[in-house]
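All figures in this text were calculated on a predicted structure; none of them were measured in a lab.
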Amino acid sequence: MKIRILSRILQLFALYLFFTSIYASLGKIITIQSGTKIFGKVVSSYQETDYSTRTGNKRYGTTHYILKPIIKYQLNGETYEIHGKIIGEVGNQYKIGQSVPLYLSEYQPDYAIIDSFYELWYEPLRNILISIGLFLVGTFFGKIFSKIKDKIANLFNPQTHFDQF
C-alpha cells in the first residue's frame, strides 16, 4: 500500500512539473508572437559557481563557473535590465557592448527574453523530459521495487539462488 501511495505521489509530481512546463512554454510563445523584437546591450556579467569537485574543506579540486550576462534595453525613455541564463563553462558568448536580440512582452515592458534556443526552450524541454521520466518511474515503481527487494533477498539468502538451478 505504501508503494502505491509513493507511486501516485511521483506521478502527481510529474504531472505538476509537466503542466507547469507547458504553461511556461505557452507564456514564452505568447511573448514571441505578440511581443516586440528589440535589441539590448550587454553591459556586464557576473560569475556564478556552477559546481565544484572539492570535497569538504580540502584545498584541491576544481570549481566550475559560469558567466551570466546582464543586458540593458531602453523603452520609452526608461532603462530595463535582464539577466541571461548560460549553461556550462561559457561566458564568451556575450561580449560587453554586444547587441543582443530580445523579445519584449507586450504588456510588461520590464519582461524580456533573450532570443536564443537555450534561453527560450532549454528549461521547459528539460522539465518536460524529467516529468515524463518521473511519471514512468512512478508507474512502474512497484515492479522496480519488488525486483530490487528480490535481488537484496538473494544476496542474503544464497541458498534460494542455488535452488533455482
Test: salt bridge (Lys or Arg N to Asp or Glu O under 4.0 Å). Region: residues 128-139. Which pairs qualify, not counting sequence neighbours?
none
Residues passing the side-chain contact (heavy atoms from CB on, under 4.5 Å) test with K147, sequence neighbours excluded, are none
For the OG atom of S131 and the CZ atom of F19, what is their distance to the nearest 0.5 Å?
9.0 Å
Would you compute the distance between atom CG of L17 and atom CG of L129 and round it to the nearest 0.5 angstrom?
10.0 Å
Please report the interatomic distance CG(L10) to CD1(I5), rounded to the nearest 0.5 Å.
12.5 Å
Per-pair distances, 0.1 Å, donor-acceptor, side chain in residues 134-143, under 3.5 Å, sequence neighbours excluded:
residue, atom, partner, partner atom, Å
T139, OG1, Q11, NE2, 2.9
T139, OG1, F135, O, 2.8

Run the side-chain donor-acceptor check on residues 25-39: report pairs under 3.5 Å with partners two or more places apart or on a different chain.
residue, atom, partner, partner atom, Å
S25, OG, S21, O, 2.9
K28, NZ, E119, O, 3.3
K28, NZ, L120, O, 3.2
T31, OG1, G27, O, 2.9
S34, OG, I30, O, 2.7
K37, NZ, D115, OD2, 2.8

Rounded to the nearest 0.5 Å, what's the gap from NE2 on H83 to OG on S45? Could you check?
11.0 Å
Quiz: residues 99-108 side-chain donor-acceptor pairs under 3.5 angstrom, not counting sequence neighbours:
residue, atom, partner, partner atom, Å
S105, OG, Y107, N, 3.4
S105, OG, Q108, N, 3.3

Show the nearest heavy-atom pair for residues Y73 and G40, with the distance to one decimal.
CB-CA, 4.0 Å
Tell me, which pairs form a salt bridge (Lys or Arg N to Asp or Glu O under 4.0 Å) where one or both residues lie in residues 70-79, sequence neighbours left out?
K72-E81
Could you walk me through whether I82 and I114 pass the side chain to side chain contact (heavy atoms under 4.5 Å, CB included) test, one step at a time?
CA-CA 9 Å; I82 63 168; I114 298 173; 3.8 Å; yes
Would you say L6 and I3 are hydrophobically clustered, going by side-chain heavy atoms of ILVMFWY under 4.5 Å?
yes
List the residues meeting side-chain contact (heavy atoms from CB on, under 4.5 Å) with F117, not counting sequence neighbours, and say none if there are none.
W121, L125
State the NZ-CZ distance between K2 and F145, to the nearest 0.5 angstrom.
10.0 Å
Could you measure the distance from the CZ atom of F18 to the CD1 atom of I132? Nearest 0.5 Å is fine.
6.0 Å
